[in-house]
Structure formats: structure tokens, C-alpha cells
2 protein chains.
Amino acid sequence: MRAQPGRSVTSKVLALLAVFTPASPALTLSELARRAGLPLSTVHRRVAELVEWGALERGDDGRYRIGLRLWEVGSLAPRGLALRELALPVMEDLYEVTHENVQLAVRQDLELVFIERIAGRYAVPVLTRVGGRFALHATGVGLVLLAHAPAEVQEQVLAAPLERYTDLTITDPRRLRGCLAEVRRVGYAVSDRQVTMDALSVAAPIRAPEGVLAAISLVVAHDRADPVALAPLVQAAGRVLSRALGASRRPPPARVPLPPDQRRQ
Amino acid sequence: MRAQPGRSVTSKVLALLAVFTPASPALTLSELARRAGLPLSTVHRRVAELVEWGALERGDDGRYRIGLRLWEVGSLAPRGLALRELALPVMEDLYEVTHENVQLAVRQDLELVFIERIAGRYAVPVLTRVGGRFALHATGVGLVLLAHAPAEVQEQVLAAPLERYTDLTITDPRRLRGCLAEVRRVGYAVSDRQVTMDALSVAAPIRAPEGVLAAISLVVAHDRADPVALAPLVQAAGRVLSRALGASRRPPPARVPLPPDQRRQ
DNA sequence: CGTCGAACTTCCGCTGGGTGAAAGTGCCGG
DNA sequence: CCGGCACTTTCACCCAGCGGAAGTTCGACG
């Protein structure tokens with residue numbers, strides 16, 4: 001075949017799924033082919049099979065969308081719906097008490113993924129979406145997840161340029177390193193206007209026996225926020241969930257062997 | 001190859017995803033192979049690619065689980081998370097007013113899939129799960145979805161044996177046909193102890209321009225239920241969501257050409 | 001109403017990615 | 001030390017998948 005070697009059928013199928021994004025959840029066959037970098041006839045064949053199984057659905061407009069069957073399978077992800085089911089009651093409690101935005105996120109590679117969100121109608125608007133991604137170095141949940149990530153992940157994030165969202169976003173690797181150490185020391189993270197100039201978030205880790213699995217946070221308007229008052233609330237929620245996940249009462253030893261200021265590699 | 005012809009690579013990949021169920025969300029390689037009916041070496045190769053992409057994840061115990069990446073893609077399904085995002089505020093309103101279970105479901109083939117559920121802590125326990133499936137002929141949401149399904153779907157459901165869950169489950173096709181006509185006439189469905197002997201549900205359709213897209217319901221203890229009082233609440237919720245989806249104020253003409261009692265095929 | 005173009009579908013002969021039995025490896029528990 | 005189980009790798013064969021190109025459908029435009 002003319003196909004460049006090294007492109008497996010499976011990789012093509014996965015590439016077709018990967019071209020769907022929150023910004024483009026419905027695509028025509030040609031768009032699919034173009035974005036996946038595959039010949040039209042190839043896409044036509046693969047997509048037909050995906051539709052038959054239910055991984056994709058074809059709308060009346062001829063566009064393809066992600067199918068309900070794939071949603072069903074995806075909902076079996078332990079770090080997705082399973083975690084959400086566990087956390088939702090606790091998140092609702094936090095919402096009852098504060099009526100602010102409550103967020104739940106996990107780390108995936110060098111970014112975070114929002115698993116659940118309770119958006120208060122009268123709370124400060126947040127730009128996150130369930131299933132959406134975000135950088136690790138700015139949000140409250142991101143700082144918690146990064147602070148407890150394996151050292152190599154931290155190094156990779158610190159080595160790459162840190163995108164600036166506001167004037168208060170931490171973009172200096174050395175400052176971020178210190179911030180992460182502080183997060184580990186006090187057990188929670190505060191992101192004050194580091195993503196938008198109107199919001200502040202306070203986040204705490206959710207631990208499983210294997211380490212920090214997720215993070216939970218409150219996002220509030222920065223001018224009516226008292227991080228020190230919110231921290232115990234969020235930490236308590238994190239601890240309830242950690243216990244449910246079987247983490248020992250005492251946090252396990254830090255995942256980073258040496259304090260950041262002693263690492264001069 | 002020795003493989004029986006007609007088994008495409010894509011179908012094998014999808015078969016591997018399909019063996020994950022709510023009852024078995026974590027499987028070893030051998031289990032995957034056995035359940036998918038594929039040779040171990042084949043599964044080994046395909047699974048390696050799925051893990052690399054993030055469709056599956058391998059735990060410390062060596063078992064494979066659905067990966068977060070697949071959850072992310074699945075969350076782009078318009079009939080999944082998108083519908084949920086739209087409906088959740090309305091569902092929360094219903095919950096505030098009643099403090100009973102609120103459910104949201106869509107039809108997939110000859111079954112229904114639960115998209116979202118708000119389970120009251122003190123409400124009657126329900127056995128449904130987000131992402132879970134159920135038969136169409138027993139629950140409130142099921143009756144609504146079936147009543148407004150294309151005629152051929154109705155015929156297929158009516159032709160197959162109707163599983164009995166309680167003494168009150170409708171298992172006679174003729175009675176079910178009449179029940180569906182009634183659901184279309186009054187605009188809501190009541191399932192009184194047809195699934196379990198302690199629960200009753202009241203459901204209403206959610207319409208889009210193309211037809212009934214989903215159903216919303218309240219599930220309450222049968223002995224403290226007044227279906228006639230609950231129906232307007234649920235119907236109002238359905239109508240709010242229908243309007244948001246662009247359905248005209250007046251319901252479109254019935255999807256079933258002839259009233260059931262005139263169809264004597 | 002005919003023409004054009006874009007999007008989609010089908011066709012066909014070639015070929016390398018996929019195959020699965022079997023051998024190899026690693027890890028228990030006895 | 002051995003047998004058993006689960007997983008990984010190997011290898012020669014060959015058909016599923018390939019993609020260019022031709023065919024079809026459909027709506028827009030003059």
C-alpha cells in the first residue's frame with residue numbers, strides 16, 4: 001500500500017476519535033479526514049464501522065458526533081464517573097455550606113482534567129467544563145495535583161514555559177517550586193487571581209493508598225474570599241474522600257525525595 | 001491468517017472496549033481475551049496500543065480499566081454530558097422542591113440509558129446507575145421514551161417478551177400498547193410499582209425539533225406518592241428543557257401514524 | 001434547466017500490518 | 001527445585017485494509 005508504514009489500523013481509529021474536541025463536537029466526513037490526516041476513503045470505511053457499533057452517531061445534518069455507546073463505556077473509567085459518584089455527595093455538602101463553585105479534578109499527563117463541577121447560580125463564573133483540560137501551574141486543583149505528582153512530572157512542567165493567564169500567574173519556575181513545597185507543607189493550595197482577575201480558589205488533595213488521586217476545590221470571587229477560612233472546609237472534604245478511598249489517616253511520606261530548595265540539579 | 005474472515009481489526013478493538021461493564025470494570029489480559037473471544041496474543045497487541053493512547057489504563061494490580069482519555073472523548077457525546085449540562089439545573093430545581101430522586105434518560109436502541117441521577121439521601125433507594133441501561137417497558141422514563149419512539153422500535157419491543165419485575169409490571173403487549181397511547185395523550189407517564197414494589201415514578205418527555213430526545217422523571221416511595229400532583233412539576237421541567245432545545249411550544253404531531261386501537265396488524 | 005463544485009460513496013488490484021500457534025520469560029506457591 | 005499460571009515475544013503466512021480514481025448525489029448559481 002501507499003500508506004506510510006508504522007500507522008496501525010488501531011491508531012487510525014483512535015485518531016478519528018481524538019479529533020473530536022469540545023470546540024468541534026460535530027464534524028463532517030471530510031473534516032474528520034482532514035483533521036486526522038487520513039485519506040477520505042479510509043475514513044469512510046472506519047467511520048462506518050464506528051457508527052455501526054455506536055462509537056459515533058450521524059446526525060440529520062450528516063455530521064458525525066461521539067455516540068452514546070462510547071459515553072457509556074467511558075463512564076466506566078474509575079478516575080471518571082466512579083470518582084465522581086464517590087465525591088458528589090461531599091461536593092454537594094460543600095456547596096450547601098458555601099454556595100460557591102465546587103470543582104473536582106485529576107491529573108492526566110502534564111495537564112488536569114475536570115471530573116465534576118457544581119456551579120453556583122450566583123457564584124463567580126468559571127470557564128471550566130466537565131471533561132475539559134487545563135494547565136497544572138495556575139489553578140488551585142492544579143497546584144495540589146502538581147505538588148503531589150511524581151518528581152519527573154514536576155520537572156517536565158517546570159522545564160516547559162509556564163503560560164501566563166493574569167499578572168499574578170506564577171511563571172517563574174523557581175517561585176513555582178517554592179509554591180509547591182508550601183502546598184505540600186500546609187496541605188492545601190491557594191490560587192489568588194492566577195487564572196482570572198476575579199476568582200480565587202482553595203484546593204485540597206484527595207489521597208488513595210497509592211498517592212494523591214484527585215483534588216477538590218472551592219472557587220470564589222477574590223474580593224469576598226478568605227482563603228484561611230475556606231481551607232479547613234476544603235481540607236475536611238478532601239480528608240473524608242481520602243478515607244473513603246482507603247488512605248491511612250496520616251498522609252504518606254512526601255512523593256518528592258528532597259525538599260525543592262535542596263535539589264540543585 | 002487463520003482468523004475467521006469478516007472480523008475486522010476495528011471490530012476487535014471495539015469488542016475489547018465492550019467487555020468492560022459496570023459489573024466488571026477491571027479485567028486482566030486473559031479475562032479480556034476470554035470475554036472478547038480473541039486469542040491472547042492478538043489482545044496483547046491491541047491492548048498495548050489502547051493503553052498507549054489512553055483508552056485503557058493498567059493498574060498496579062496488572063488489571064486493565066477504561067482510561068480517562070476515553071472518558072474525555074465520551075464526554076463529548078451530545079446525548080451524554082451535553083444533555084446533562086443542560087438538564088442539571090432543572091433537575092436540581094426539581095430536587096429542591098421535592099427532595100426525591102430525579103432521573104434523566106435517553107433511548108438507545110431497544111433500551112434506555114440513564115444520563116444523570118440526583119439521589120436524595122432520604123429518598124427511596126433506586127437501583128439505577130449513571131451510564132446504566134434498563135428495559136423500556138417498565139420505568140416512567142422508559143414508557144415516555146417508548147411511547148414517542150419510531151413505530152418500528154415500538155413494534156420490536158412489543159414483539160419481544162416483556163420481562164416481569166413485579167406483579168404490576170405490564171407484560172401483555174396489548175395492555176402496553178394502550179398504556180403508551182395514554183402516555184402520548186396525557187403527556188406524561190406513571191409507573192406504579194412496575195420495577196420495584198416500593199417505588200413509583202412520574203416521567204415527562206423532553207422534545208427537540210426532531211422529536212422526543214430524552215425523558216425526565218421523579219421516583220418516589222409509592223405510599224407517599226400522588227402522581228397527579230407530581231405530574232405538572234415533571235411536565236414543567238420537561239417543557240423548560242424542550243424549549244431550551246428549540247422545540248416549538250406545541251408538541252409536534254404524533255410520531256405514530258394511527259392510534260393504537262386502530263392498528264390491527 | 002444545465003453546469004459546476006463539494007461532499008460523499010464505491011471500485012479494484014496490490015501489499016504490509018495483523019495474525020495466532022508456539023516458544024520464551026517471569027513470578028509465585030508448594 | 002519444579003510446576004503452573006499469566007504475560008510477552010517470535011515468525012512465516014496472507015487477507016483485510018489500503019488509497020487513487022471513478023461514480024454519484026445534492027445544492028448553489030447563473
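Computed from a prediction, not measured in an experiment: that's the story for all the values here. We name chains A, B, ... by the order of the sequence lines, and we start the count at 1 in each one.
Among residues two or more places apart in sequence or in another chain, the side-chain hydrogen bond (donor to acceptor under 3.5 Å, both in side chains) test is passed with A:R133 by A:E111, B:E72. Residues that satisfy the ring pair (Phe, Tyr, Trp, His ring centres under 6.0 Å) test with A:F134, not counting sequence neighbours, are A:Y165. In this structure B:E31 satisfies the salt bridge (charged side-chain N to carboxylate O under 4.0 Å, His left out) test together with B:R63, sequence neighbours excluded. Scanning for side-chain hydrogen bond (donor to acceptor under 3.5 Å, both in side chains) contacts around B:D61 gives B:R65, with sequence neighbours left out. Take B:R84 and apply the salt bridge (charged side-chain N to carboxylate O under 4.0 Å, His left out) test, not counting sequence neighbours, and it matches A:E116, B:E116. In terms of the side-chain hydrogen bond (donor to acceptor under 3.5 Å, both in side chains) criterion, B:S30 has no residue partners (sequence neighbours excluded).
Regarding contacts with the backbone of D:dC18, a side-chain N or O of A:K12 is found under 4.0 angstrom from either OP1 or OP2. Under 4.0 angstrom from either OP1 or OP2 of C:dT19 there lies at least one side-chain N or O belonging to B:R46.
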Protein-nucleotides 3-11 of chain D N/O pairs under 3.5 Å:
residue	atom	partner	partner atom	Å
D:dC7	OP2	B:S30	N	3.0
D:dC7	OP2	B:S30	OG	2.3
D:dT8	OP1	B:R58	NH1	3.1
D:dT8	OP2	B:H44	NE2	3.2
D:dT8	O5'	B:H44	NE2	3.3

Would you give me the side-chain donor-acceptor pairs under 3.5 Å for residues 37-47 of chain B, sequence neighbours excluded?
residue	atom	partner	partner atom	Å
B:R46	NE	A:T10	OG1	2.9
B:R46	NH2	B:E49	OE1	2.5

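Over its length, the helix from C:dC1-D:dG30 to C:dG30-D:dC1 turns its helix axis by 40°, as judged from the five terminal pairs at each end, rounded to 10°.
Positionally, the nearest nucleotide of DNA chain C for A:R63 lies more toward the 5' end than for the other of A:R63 and B:V9.
Side-chain contact between A:L176 and A:L143 is present, with at least one heavy-atom pair separated by less than 4.5 Å.
We find that CG of A:L50 is positioned 12 Å from P of D:dG17, with the value rounded to whole Å.
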